[in-house]
Structures are given as structure tokens and as C-alpha cells.
Amino acid sequence: MKEFTIGEVIRKRRIELSLTQEELCEGIYEPPTMSRIETGRQTPSRTKLNFLLQRLGLPDDRYYALLSDNEIKISNLQKEIVSCNVLGKKEKGLGLLKELEEICDRDDMVIQQFILRSSVIFGKWENGEIKPYSFEEKMDMLLRAIHLTSPKFDIEEIEKGLYSLDEVKVINQISLTYSRNDEHKKAIDIYYQLLRYIKKHFQNILQSGGLLPLVCYNYARELVLVRRYEDALEIAQLGWQACVQYGQYKDLPATIALMAECYHFLNDDKKSMEYYRQAYHIHKAIGNERSVEVIISETKKYFGDNFSF
């Protein structure tokens with residue numbers, strides 16, 4: 001059986017999707033560079049290779065590209081920065097971002113995009129304190145981030161674009177930013193488009209298994225906020241299924257708790273109590289005390305003394 005080179009794999013998939021070289025590499029490479037990659041005359045960096053494969057809906061974990069020492073350092077820094085975000089270590093995260101900026105190429109739009117979206121999460125130093133960016137600042141930074149690699153990005157026509165997983169994460173952040181500014185209808189419209197895109201384009205990418213539950217949870221949460229409980233329940237169930245299918249359980253307990261809330265407002269307190277118990281025990285098992293407290297507060301509010309875990 002013939003073994004295809006990376007360039008041949010990219011070219012074959014691009015033609016299957018009826019994409020031009022220019023469409024595939026927009027924001028990443030110039031078309032002549034894309035041509036050299038497809039013919040094996042140039043090897044892309046790992047980050048840009050991942051970007052191209054993800055845009056094509058191919059699993060990037062199956063392919064290998066040699067990493068330079070600098071690329072390894074950049075990759076490790078990115079992992080540390082993501083960890084700081086998860087753990088809420090803003091000061092350390094900002095320090096690592098500064099270090100990343102110093103060693104990455106200015107014209108590496110993939111890394112520059114990562115820096116921008118991470119900066120939005122951590123905030124900025126102001127008078128010796130870390131303070132959040134304003135809504136306007138966040139939107140400006142996130143739109144600049146997505147336009148670095150998708151210059152033609154249109155928030156009204158998301159499904160017409162071609163995105164990597166990182167670009168989808170930026171779009172998710174844009175929607176969250178609208179939500180936190182109480183623009184829930186706008187956030188819902190973005191999540192509707194984003195979910196359709198993920199289901200259509202990322203079926204073969206294992207990493208999307210963690211992205212789909214996240215988007216489903218955020219989308220369902222928005223629907224709850226505008227009291228569309230049946231719609232929220234449908235989207236949350238899709239997220240639950242994705243958690244199980246892909247073995248990605250980070251968002252599972254929060255999704256189950258959200259479903260419990262929906263069942264309460266749909267007058268099915270028997271199911272609501274059952275789901276709250278499940279969410280409570282998962283959060284308890286993983287030591288997420290903050291979420292445990294939220295569930296205790298909600299069940300007390302909804303059921304009073306008629307409920308026990």
C-alpha cells in the first residue's frame with residue numbers, strides 16, 4: 001500500500017473538499033508556499049501543519065513533523081499558559097505570555113492569535129494590579145485574533161468559513177464575551193452557527209471531542225438564560241453524548257446540572273432531582289467544592305427540605 005507524504009495528504013483532501021490552495025492557506029501561508037508544501041518541497045512548522053489539517057477536518061495526531069528546539073519550547077509554554085488559565089493563575093500566565101512573545105516569530109499568526117486570546121482571559125496589569133479588559137477591548141482583541149488567520153471572517157456567516165480548532169476557540173470566546181455583556185441573543189446566534197460547523201467539519205478530529213461538549217454547554221447555558229428550556233435540554237443532551245463518545249468528561253457534571261435545572265423549569269422535578277444528585281456526586285468525587293456549593297444552593301432554592309443527596 002502506498003504511503004502518502006504530508007503534502008499529498010493535504011492536496012488529496014483539499015481537492016475532495018473542492019478548495020483552492022488560496023482558500024486553504026488563507027491567513028497562514030501565501031499560495032506559492034502552499035504549492036511547495038503539497039509537492040514536498042517545503043515542510044510546514046508543527047503549529048501551522050496542525051492548522052491546515054484541522055481546517056481540512058483531518059486528525060492531526062496521525063501525522064508527524066519534526067520539531068525544532070524552539071518549537072518544542074513554544075509548545076511547552078502554550079501548555080503551561082493553558083494550565084494557568086484552568087487554575088486561575090493570572091500573574092503566572094501573563095509572565096509566560098511575555099516569555100512566549102519574546103521567542104516566537106512576529107509573523108507567526110497562529111502563535112500571535114494564541115497570545116491575543118490568552119491575554120483576553122488573563123487581563124492586563126494596571127497600577128500594580130491585574131484588571132480585566134473592558135467589553136470593547138475584549139471584542140477588539142478577539143476580532144483581531146480571528147482576522148489574523150481568517151481575514152474574511154464574518155460573524156454573521158460563520159458557517160461559510162474554514163477554521164482550525166484554535167480558531168473555533170476564538171469564536172467561542174467571542175460568544176462568551178457577548179454573553180457576559182448580557183447580549184444573549186447575539187451569543188445564541190453565534191453558538192448555533194458554531195455547533196453546526198463543528199458537527200459538519202470536525203467529525204474526524206479526536207481533539208474536537210473536548211470542544212463539542214464545551215460549545216454545547218455554553219450554548220445550552222445561553223438558552224437557559226432566555227428561558228428556552230426545551231431547546232437547552234436538547235443541546236445539553238448532545239453535549240453529554242459527546243462527553244461519553246470521546247471520553248472527554250471535564251464538562252460532564254456541569255452539563256448534567258444544567259439539565260437538572262431545565263427539568264425543574266419543565267415541571268419534571270423527579271428527573272431534576274435525579275440529575276442534580278448525579279452532578280453533585282461527580283463534582284464531589286473530583287473535589288470541585290465550588291460547584292458542589294452551587295448545586296446545594298440551587299436544590300435548596302428549588303426543592304427546599306424535600307430533597308437530599
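It should be emphasised that the depicted structure is a prediction, and the values quoted were computed from it without experimental measurement.
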When the aromatic ring centroids of Tyr249 and Trp240 are compared, is their separation below 6.0 Å? no
Could you walk me through whether Met139 and Thr177 pass the side chain to side chain contact (heavy atoms under 4.5 Å, CB included) check? CA-CA 7 Å; Met139 288 304 302; Thr177 302; 3.7 Å; yes
Could you check whether any side-chain N or O of Asn288 sits under 3.5 Å from a backbone N or O of Ser291, counting only pairs where one atom can act as donor and the other as acceptor? yes
Determine yes or no for a side-chain-to-main-chain donor-acceptor pair under 3.5 angstrom, with Ser179 supplying the side chain and Ser175 the backbone. no
With no hydrogens and no angle check, is any side-chain donor or acceptor of Ser297 less than 3.5 Å from a backbone partner on Glu293? no
What distance separates Lys138 NZ from Arg117 CZ, expressed to the nearest 0.5 Å? 15.0 Å
On a heavy-atom basis, the closest approach of Ile235 and Ala220 is CG2-N, 4.1 Å
Contact between Gln78 and Ile111 at the side-chain level, heavy atoms closer than 4.5 Å - yes or no? yes
If we ignore hydrogens and angles and just use 3.5 Å, is the side chain of His264 paired with the main-chain N or O of Met259 as donor and acceptor? no
When rounded to the nearest 0.5 Å, the distance separating OG of Ser119 from CG of Leu142 is 10.0 Å
Would you please classify the geometry between the Phe153 ring and the Tyr163 ring as parallel, tilted or perpendicular, with 30° and 60° separating the classes? perpendicular
Counting only heavy atoms not in Phe303, do more than 12 fall under 6.0 Å of its CZ? yes
Note: Glu222-Lys185 ion pair, threshold 4.0 Å (strictly below): no
Could you go through the salt bridge (charged side-chain N to carboxylate O under 4.0 Å, His left out) check for Lys160 and Glu157 one step at a time? CA-CA 6 Å; Lys160 290 186 177 181; Glu157 296 182 314; 3.1 Å; yes
Neighbour count >12 (heavy atoms, 6.0 Å) for atom NZ, Lys152: no
Do the side chain of Glu38 and the main chain of Val9 share a donor and acceptor less than 3.5 angstrom apart? no
So that I can tick it off, tell me whether Glu16 and Lys12 are bridged by a salt bridge, with the cut-off set at under 4.0 angstrom between side-chain N and carboxylate O. yes
If the threshold is 4.0 Å, N to carboxylate O, is there a salt bridge linking Arg55 and Glu167? yes
Backbone N/O of Cys243 and side chain of Gln248: donor-acceptor pair under 3.5 Å: no
Should we count CD of Glu183 as having more than 12 external heavy atoms under 6.0 Å? yes
Considering residues, nucleotides and ligands other than Lys131, do more than 12 of their heavy atoms fall under 6.0 Å from its NZ? yes
If you count every heavy atom of other residues, nucleotides or ligands that lies below 6.0 Å from Arg290 atom CZ, does the total exceed 12? no
Regarding Gln112 and Asp108, do their side chains bring together a donor and an acceptor under 3.5 Å, going by distance alone? no
Of the non-hydrogen atoms in Asn306 and Met273, which two are nearest, and what is the gap between them? O-CE, 3.7 Å
Are there more than 12 heavy atoms of other residues, nucleotides or ligands under 6.0 Å from atom CZ of Arg14? yes
Between the side chains of Glu129 and Lys90, is the shortest nitrogen-to-carboxylate-oxygen separation below 4.0 Å, so that they form an ion pair? no
Strictly distance-based, threshold 3.5 Å: is any side-chain N or O of Glu137 a donor or acceptor partner for the main-chain N or O of Ser134? yes
So, do Leu100 and Phe114 sit near enough that their side-chain heavy atoms are less than 4.5 Å apart? yes
Tell me if a side-chain donor or acceptor on Thr33 pairs with a main-chain N or O of Tyr29 at a distance below 3.5 Å. no
For the residue pair Tyr219 and Tyr192, does the interplanar ring angle fall in the parallel (under 30°), tilted (30 to 60°) or perpendicular (over 60°) class? perpendicular
Determine whether a donor-acceptor pair (N or O, by modelled atom type, separation under 3.5 Å) exists between the side chain of Thr39 and the backbone of Ser35. yes
Do NZ/NE/NH1/NH2 and the carboxylate oxygens of Glu261 and Lys301 come within less than 4.0 Å? no
Evaluate the criterion salt bridge (charged side-chain N to carboxylate O under 4.0 Å, His left out) for residue pair Lys200 and Glu159; output intermediate values, then yes/no. CA-CA 10 Å; Lys200 181 179 179 181; Glu159 290 180 72; over 6 Å; no
Shortest non-hydrogen contact from Val224 toward Ala232: CG2-CB, 3.7 Å
A quick test of your reading: do over 12 heavy atoms of other residues, nucleotides or ligands sit less than 6.0 Å from CD of Glu22? no
Partner of Val292 under side-chain contact (heavy atoms from CB on, under 4.5 Å), picked from Val294, Ile296, Ile295, is Ile296
Just wondering, do Val226 and Ile188 contact through their side chains at under 4.5 Å, heavy atoms? yes
Within the 4.5 Å heavy-atom criterion, are Gln113 and Met109 side-chain neighbours or not? no
Atom pair CG (Asp182) and NZ (Lys186), whose distance is rounded to the nearest 0.5 Å: 15.5 Å
Between Tyr191 and Asn172, does any side-chain donor sit less than 3.5 Å from a side-chain acceptor? yes
Between OH of Tyr280 and CZ of Phe307, what distance do you get to the nearest 0.5 Å? 9.0 Å
Residue pair Leu56 / Leu17: nearest heavy atoms and the distance that separates them: O-CD1, 3.8 Å
Looking only at non-hydrogen atoms, find the nearest pair between Pro253 and Lys250 and report the distance. CD-O, 3.9 Å
